[in-house]
Protein chains: 2
Amino acid sequence: MEATPPTGLGVVATAHDGGPTGPPERARAAGSGAPTLEDVARVAGVSRATVSRVVNGQRRVAAEIQAVVREAIATTGYVPNLAARSLVTRRTGAVIVVVSGVEEQGSPSTIDFADPFFGRVVGGMLRALRPRDVDPILMLAETDSDRARVLSSLRNGNADGALVVSTRGDDPMPRLLVEAGLPAVVFARPGRPIPLSFVDVANRDGARLAAEHLVARGCRHVAAISGPLDVPSAQDRLSGFQDAMARHGQAFVPTVGGNFTYESGVAAMTSLLDGYQDLDGVFASNDLMALGAIEALQAARRRVPDDVRVVGFDDSSLGALSRPALTSVRQPIEEMAAEMARILLDTIADPGRRVTSTIFEPTLRIRDSA
Amino acid sequence: MEATPPTGLGVVATAHDGGPTGPPERARAAGSGAPTLEDVARVAGVSRATVSRVVNGQRRVAAEIQAVVREAIATTGYVPNLAARSLVTRRTGAVIVVVSGVEEQGSPSTIDFADPFFGRVVGGMLRALRPRDVDPILMLAETDSDRARVLSSLRNGNADGALVVSTRGDDPMPRLLVEAGLPAVVFARPGRPIPLSFVDVANRDGARLAAEHLVARGCRHVAAISGPLDVPSAQDRLSGFQDAMARHGQAFVPTVGGNFTYESGVAAMTSLLDGYQDLDGVFASNDLMALGAIEALQAARRRVPDDVRVVGFDDSSLGALSRPALTSVRQPIEEMAAEMARILLDTIADPGRRVTSTIFEPTLRIRDSA
DNA sequence: CCAGGACGGGAGAGCGCTCTCGCGCAATCT
DNA sequence: AGATTGCGCGAGAGCGCTCTCCCGTCCTGG
């Protein structure tokens with residue numbers, strides 16, 4: 001591996017040792033301060049083009065000239081100006097991470113930044129982006145104007161592509177991106193089928209895992225708390241769970257819908273207890289609702305897991321810390337996010353690339369609640 | 001819904017209705033697709049400079065010409081190319097959000113993206129940045145080379161400034177930024193005093209709130225679980241708590257140090273119980289440790305809050321969801337983050353601006369644990 | 001009635017970079 | 001030996017934008 005660009009605070013200037021051929025000019029011109037290609041070229045005694053070639057490692061450059069140029073780069077503390085580069089290459093080395101939600105009347109936003117999910121996704125992307133020297137620009141997309149802003153940023157090369165994390169099934173962002181022909185990858189299968197790459201977890205398999213675990217633990221009367229059914233993943237989790245239970249003899253699974261919040265979990269469980277006193281197992285489509293369900297169960301004097309077993313979905317850090325610790329279906333969020341980044345980068349490099357999807361297998365994280 | 005730009009790889013063009021004065025040229029030149037200032041100028045029948053003035057609202061432009069230009073902009077679907085603009089203005093309209101940690105031998109990173117703190121900070125910044133059309137670029141800074149990368153990005157105008165969130169007291173990032181003379185604002189007072197703007201919460205006041213609450217609830221034998229004392233905030237929280245207790249007659253507060261993790265909270269509490277059986281109140285320097293303390297207390301058959309009252313610090317979402325729900329000192333993270341963004345933007349706009357610090361008052365969020 | 005502003009607009013010079021083109025030189029082929 | 005190829009380098013043209021000049025026009029005051 002050849003020496004990476006030296007960087008070094010950049011402040012400069014390892015003493016300029018009156019280079020071999022270098023004229024007695026200063027390494028830095030008067031300008032704004034940062035050394036340019038021109039400066040490096042002068043110090044190295046070559047042309048701008050050659051320095052550019054060395055920096056980008058494009059065409060072959062004689063070894064000795066390379067050495068001289070590299071030294072000149074080190075001497076001047078040169079770092080490429082990305083605006084200038086991107087102006088001509090039409091590549092920015094940046095992608096937009098769109099956190100997309102749909103504005104609601106009730107709450108100010110569907111986007112909950114305190115949700116650890118958010119950080120885990122971004123963290124996963126970062127780990128995959130950084131090695132390829134790509135930086136993520138964060139943008140919110142709640143309103144139409146937000147979405148327009150994302151689109152124009154992309155359209156005039158402010159960024160090379162988008163990684164979209166939606167909080168709702170009916171989010172228009174993915175469709176807009178496809179229509180604009182922009183490189184993008186979304187987290188979770190979009191509500192309507194569109195030609196767009198995505199990564200997802202095998203939601204049905206995760207639900208099956210939960211079902212089989214409850215059955216194995218001896219549960220005979222289980223219920224489900226589902227998410228909003230317009231969200232594909234909620235849909236899959238529910239039907240996957242129902243199917244698996246049917247396969248184990250329980251034809252009918254009492255189900256109440258929630259909206260992925262803690263409160264909705266409490267409410268759903270309460271209403272479930274109203275109609276079905278003999279429940280001994282519950283599957284909630286996410287951890288927050290599972291936690292709410294546990295709260296409602298305890299309020300109703302049902303012990304967890306002794307009387308009723310509860311399984312969640314997400315394996316969030318909340319579930320690990322609550323008591324009883326929550327048994328939950330784990331989706332490898334970080335890896336999924338990293339894969340999104342990889343797919344996007346590949347798509348940007350080769351726009352003709354087919355739309356792909358990668359489905360990750362969930363695992364069951366068994367703790368105390370079931 | 002109006003017809004969105006017809007797709008096609010951005011190829012084009014709301015039907016050009018043979019504009020008023022427009023020559024029969026196409027609105028878009030052959031080029032790469034995106035319309036440029038030149039295109040707009042041609043359609044509007046004015047010069048590039050005039051269009052630029054309208055776009056940037058700089059000098060006065062005759063009202064009617066403005067109208068013509070605006071229409072031309074709409075017709076062509078023009079959006080400024082930020083790379084080109086930034087090349088000449090040396091402003092990018094982007095800031096770097098540096099999530100900074102220090103590499104450790106043990107764990108792969110001190111940065112925990114699953115921590116809701118992270119998302120809340122970013123969310124707060126976003127809300128303040130967006131109205132001023134500035135986008136955050138996310139960067140990790142764990143290694144020296146990461147830090148060098150942040151610095152060079154800044155130095156060559158890849159971004160205008162940095163918002164730094166450190167996870168450790170001895171983080172070198174703030175110092176490096178100051179030395180390089182780059183605009184930056186950090187979250188929480190830096191370990192060593194340096195001329196750098198920051199926002200923080202009045203940690204001592206928060207600790208006092210906790211102390212007074214415990215005293216008011218009748219606690220007579222309280223202990224503290226502190227964070228690493230090289231972190232200024234941990235230091236302040238502890239001494240603030242000790243001082244406040246002293247003012248209320250308890251001269252000595254048994255203290256055990258933790259490292260802000262759940263496990264360290266469990267360990268600290270366990271060791272505290274070993275030495276002091278009659279404890280009736282505990283203050284932990286963050287919620288995670290408070291939660292750990294509660295776990296240890298319950299394991300030792302102490303009821304919370306009946307036997308021992310526990311107060312945490314952070315008012316994290318975890319604390320709200322745990323049982324008993326955690327009483328905690330709340331710092332307005334989102335507002336603090338927003339303030340960071342504002343200070344940074346002001347500093348960028350006026351580099352001569354004094355270094356400032358804004359300290360936020362914490363409040364006590366009383367729930368069930370105390 | 002004419003000089004002096006004030007103001008609105010155009011021309012053009014770059015910002016720092018990449019990339020195509022062409023030239024010179026050495027190595028290879030006929 | 002001459003002709004041909006190929007390779008490495010330099011020259012120079014922009015990428016799309018802003019901004020400083022400068023010039024023409026209109027308004028105002030002496």
Side-chain angles (χ1 to χ4, degrees), chain A residues 5 21 28-69 72-73 76-93 152-153 155-158, chain B residues 10 21 28-69 72-73 76-93 152-153 155-158:
Chain A
T21 46
R28 310 283 219 69
S32 67
T36 74
L37 253 200
E38 187 78 51
D39 297 324
V40 178
R42 204 178 324 125
V43 171
V46 299
S47 72
R48 277 203 317 282
T50 299
V51 178
S52 175
R53 285 191 270 259
V54 171
V55 171
N56 298 298
Q58 295 212 327
R59 270 173 46 182
R60 277 186 54 73
V61 173
E64 52 186 52
I65 292 207
Q66 267 194 49
V68 174
V69 171
I73 289 175
T76 52
Y78 171 76
V79 194
N81 177 316
L82 278 78
R85 172 180 292 173
S86 125
L87 184 56
V88 27
T89 59
R90 308 194 157 270
R91 277 292 170 69
T92 62
S152 24
S153 272
R155 291 211 335 127
N156 47 183
N158 204 6
Chain B
T21 47
R28 309 286 219 67
S32 67
T36 75
L37 253 200
E38 186 77 51
D39 297 325
V40 177
R42 203 179 325 125
V43 171
V46 298
S47 73
R48 277 203 316 282
T50 299
V51 177
S52 176
R53 286 193 267 259
V54 171
V55 171
N56 297 299
Q58 297 211 327
R59 268 172 46 180
R60 277 185 55 72
V61 173
E64 51 187 52
I65 293 209
Q66 266 195 50
V68 174
V69 171
I73 288 175
T76 53
Y78 171 77
V79 193
N81 177 317
L82 281 92
R85 171 180 293 174
S86 123
L87 184 56
V88 27
T89 59
R90 308 195 158 271
R91 278 292 171 70
T92 62
S152 8
S153 272
R155 291 214 332 128
N156 6 232
N158 206 2

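Every chain is numbered from 1 and lettered A, B, ... according to where its sequence line falls, protein lines coming before strand lines.
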Can you name the side chain to side chain donor-acceptor pair (under 3.5 Å) partners of [X], sequence neighbours left out?
X	value
A:Thr92	A:Asp160
B:Thr50	B:Ser47
A:Arg85	A:Asn56

Looking only at the side chain of [X] (C-beta and beyond, no hydrogens), which of the listed nucleotides [options] gets closest?
X	options	value
A:Ala62	C:dG9, D:dG8, D:dT18	D:dG8
B:Arg53	C:dG10, C:dA13, C:dC17	C:dG10
A:Arg48	D:dA13, C:dG16, D:dC17	D:dA13
A:Tyr78	D:dG16, C:dC17, C:dG10	C:dC17
B:Val88	D:dG10, C:dC17, C:dC15	C:dC15

Task: Atom pair CD1 (A:Ile73) and CD (A:Gln66), whose distance is rounded to the nearest 0.5 Å - done: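 Output value for this atom pair is 9.5 Å.
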Open item on the list: Working to the nearest 0.5 angstrom, can you tell me the gap between B:Thr36 OG1 and B:Asn81 CG?
Closed with: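 Interatomic distance, B:Thr36 OG1 to B:Asn81 CG, rounded to 0.5 Å: 9.5 Å.
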Please state whether the phosphate of [N], meaning OP1 or OP2, lies under 4.0 angstrom from any side-chain nitrogen or oxygen of [X].
X	N	value
B:Asn56	D:dT18	yes
B:Ser47	C:dA11	no
B:Thr89	D:dT18	no

TODO: Scan A:Leu82 against the nucleic acid and name what it touches under 4.0 Å (heavy atoms): base, sugar-phosphate only, or nothing.
DONE: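 If one applies the 4.0 Å heavy-atom cut-off, A:Leu82 turns out to touch nothing in the nucleic acid.
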Open item on the list: Regarding A:Ala49, tell me which of base, sugar-phosphate or nothing describes its non-hydrogen contacts under 4.0 Å with the strands shown.
Closed with: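 If one applies the 4.0 Å heavy-atom cut-off, A:Ala49 turns out to touch a base.
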Open item on the list: Is it the case that D:dG16 (base atoms only) and A:Arg90 (side chain only) share a donor and an acceptor within less than 3.5 Å, ignoring hydrogens and angles?
Closed with: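 Answer is no: no donor-acceptor pair is held.
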TODO: For DNA chain D, write out the stems as range with range, using runs of 3 or more consecutive Watson-Crick or G-U pairs with both distances under 3.5 Å.
DONE: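 Stem list for DNA chain D: C:1-30 with D:1-30.
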TODO: Could you pick out which residue, B:Ile65 or B:Ala84, lies toward the 5' side of DNA chain C when each is mapped onto its nearest nucleotide?
DONE: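 Checking each residue's closest nucleotide, the 5'-ward one belongs to B:Ile65.
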Task: Whole-Å distance separating the CG atom of A:Leu87 from the P atom of D:dA13 - done: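 A:Leu87 atom CG is separated from D:dA13 atom P by 17 Å.
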- [ ] Check side chain to side chain contact (heavy atoms under 4.5 Å, CB included) between A:Leu37 and all other residues, then give those that pass, not counting sequence neighbours.
- [x]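 For A:Leu37, the residues satisfying side chain to side chain contact (heavy atoms under 4.5 Å, CB included) (neighbours in sequence not counted) are A:Arg48, A:Val51, A:Ser52, A:Tyr78.
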Open item on the list: Applying side chain to side chain contact (heavy atoms under 4.5 Å, CB included), can you list everything that pairs with A:Ser152, at least two apart in sequence or on another chain?
Closed with: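 Side chain to side chain contact (heavy atoms under 4.5 Å, CB included) list for A:Ser152, sorted by chain: B:Val79.
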